[in-house]
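First up is the structure itself, then whatever we jot down about it.
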Amino acid sequence: MGILEVVPARAVSRQRIYAVVARIPRGRVATYGQVALLAGLPGQARQVGYALAALDDSSRIPWHRVVNAQGRISARRDGGPAARVQHLLLARERVGFGSDGRIPLERFRWRPRASFRGRP
DNA sequence: ATGCTGACTATGT
DNA sequence: TACATAGCCAGCA
């Protein structure tokens, strides 16, 4: 047990979440639940949203590539510009939206190689 | 301690 | 298709 043990468990979870999001390639998206699963946190999709909301503007994590299970950009409670920025960034990397405003996940969902499965 | 809230999701009506 | 509800759980008053 070294000095690293003092890091709160929640911080560790967040790092795992960020590590997964960082792997999502351009032009692809992942759902909150998918990220949670890959991060070894099954069923904790909300924690993924919480972790992403905590990112600061200088972060290089591609947070915009995470959308909800319906292929939609989740509305922010505060109604800020984040959602619009997300839409812009995705469109910029050629992620398409259907006429119903949903991203066809069967086409743009990130499918990591089976060899990558977060940490067990 | 206790209760609310939120960038979620699966399920049911 | 559109709500409602039950799980989920960290952060904060």
Side-chain angles (χ1 to χ4, degrees):
Chain A
M1 305 306 201
I3 190 170
L4 295 181
E5 299 303 323
V6 302
V7 176
R10 57 184 177 279
V12 175
S13 293
R14 280 190 177 177
Q15 285 311 120
R16 292 163 75 138
I17 288 167
Y18 297 147
V20 171
V21 176
R23 287 185 53 90
I24 306 173
R26 289 189 70 227
R28 296 260 138 187
V29 298
T31 65
Y32 294 94
Q34 182 184 356
V35 171
L37 198 60
L38 290 170
L41 304 168
Q44 297 186 61
R46 299 192 71 154
Q47 295 312 308
V48 173
Y50 199 73
L52 295 182
L55 287 171
D56 64 277
D57 301 324
S58 63
S59 173
R60 308 247 277 80
I61 300 292
W63 55 270
H64 61 285
R65 305 211 259 241
V66 183
V67 299
N68 65 34
Q70 292 163 33
R72 291 176 172 289
I73 287 174
S74 291
R76 274 50 167 181
R77 208 54 188 263
D78 55 37
R84 284 196 306 270
V85 172
Q86 182 171 14
H87 190 291
L88 179 68
L89 292 174
L90 287 176
R92 181 179 294 175
E93 45 188 73
R94 304 285 188 84
V95 169
F97 288 77
S99 55
D100 56 359
R102 295 188 317 100
I103 294 168
L105 295 178
E106 67 277 8
R107 185 165 149 204
F108 295 100
R109 174 180 219 125
W110 172 45
R111 289 189 179 67
R113 313 185 103 250
S115 55
F116 179 74
R117 293 269 179 252
R119 318 332 109 195

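Proteins come first, then strands; the chains are lettered A, B, ... in the order of their sequence lines, and each starts at number 1.
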**Prompt:** Distance from A:Arg94 atom CZ to A:Phe108 atom CZ, nearest 0.5 Å?
**Reply:**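 With rounding to 0.5 Å, CZ (A:Arg94) is 10.0 Å from CZ (A:Phe108).
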
Find out if a path of hydrophobic residues (ILVMFWY) with successive side-chain heavy-atom gaps under 4.5 Å connects [X] to [Y].
X: A:Ile73; Y: A:Val66; value: no
X: A:Val21; Y: A:Leu89; value: yes
X: A:Leu52; Y: A:Leu38; value: yes

Residues from [range] lying under 4.0 Å of DNA chain B - heavy atoms:
range: residues 41-55 of chain A; result: A:Ala45, A:Arg46, A:Gly49, A:Leu52, A:Ala53
range: residues 79-99 of chain A; result: none
range: residues 64-72 of chain A; result: A:Asn68, A:Ala69

Starting from [atom2] on [N], measure out to [atom1] on [X] and report it in whole angstrom.
X: A:Arg14; N: B:dA7; atom1: CZ; atom2: P; result: 13 Å
X: A:Arg102; N: C:dA2; atom1: CZ; atom2: P; result: 11 Å
X: A:Leu37; N: B:dC8; atom1: CG; atom2: P; result: 17 Å
X: A:Tyr32; N: B:dA10; atom1: OH; atom2: P; result: 14 Å

Is the number of heavy atoms from other residues, nucleotides or ligands within 6.0 Å of [atom1] ([X]) greater than 12?
X: A:Asp57; atom1: CG; result: no
X: A:Arg60; atom1: CZ; result: no
X: A:Arg72; atom1: CZ; result: yes

**Request:** Could you tell me whether the side chain of A:Gln34 and the main chain of A:Trp110 form a donor-acceptor pair under 3.5 Å?
**Result:** yes

**Request:** Kindly indicate whether the side chain of A:Arg28, heavy atoms from C-beta on, has any atom under 4.5 Å from the side chain of A:Pro112.
**Result:** no

**Prompt:** Taking side chain as C-beta onward, heavy atoms only, is A:Ile17 less than 4.5 Å from A:Tyr50?
**Reply:** no

**Verdict with supporting geometry, A:Asp78 and A:Arg76, salt bridge (Lys or Arg N to Asp or Glu O under 4.0 Å)** = CA-CA 5 Å; A:Asp78 55 37; A:Arg76 274 50 167 181; over 6 Å; no

**Prompt:** Hey, does A:Arg77 reach any base, or is it just sugar-phosphate, or nothing, if we go heavy atoms under 4.0 Å?
**Reply:**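 Here A:Arg77 touches the backbone only, sparing every base.
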
**Item:** Distance, C1' atom - from C:dA13 to B:dA1, rounded to whole angstrom
**Value:**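 That atom pair is separated by 12 Å.
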
**Message:** Taking only the P atom of each, what is the distance from C:dG7 to B:dA7 in whole angstrom?
**Reply:**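 That atom pair is separated by 22 Å.
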
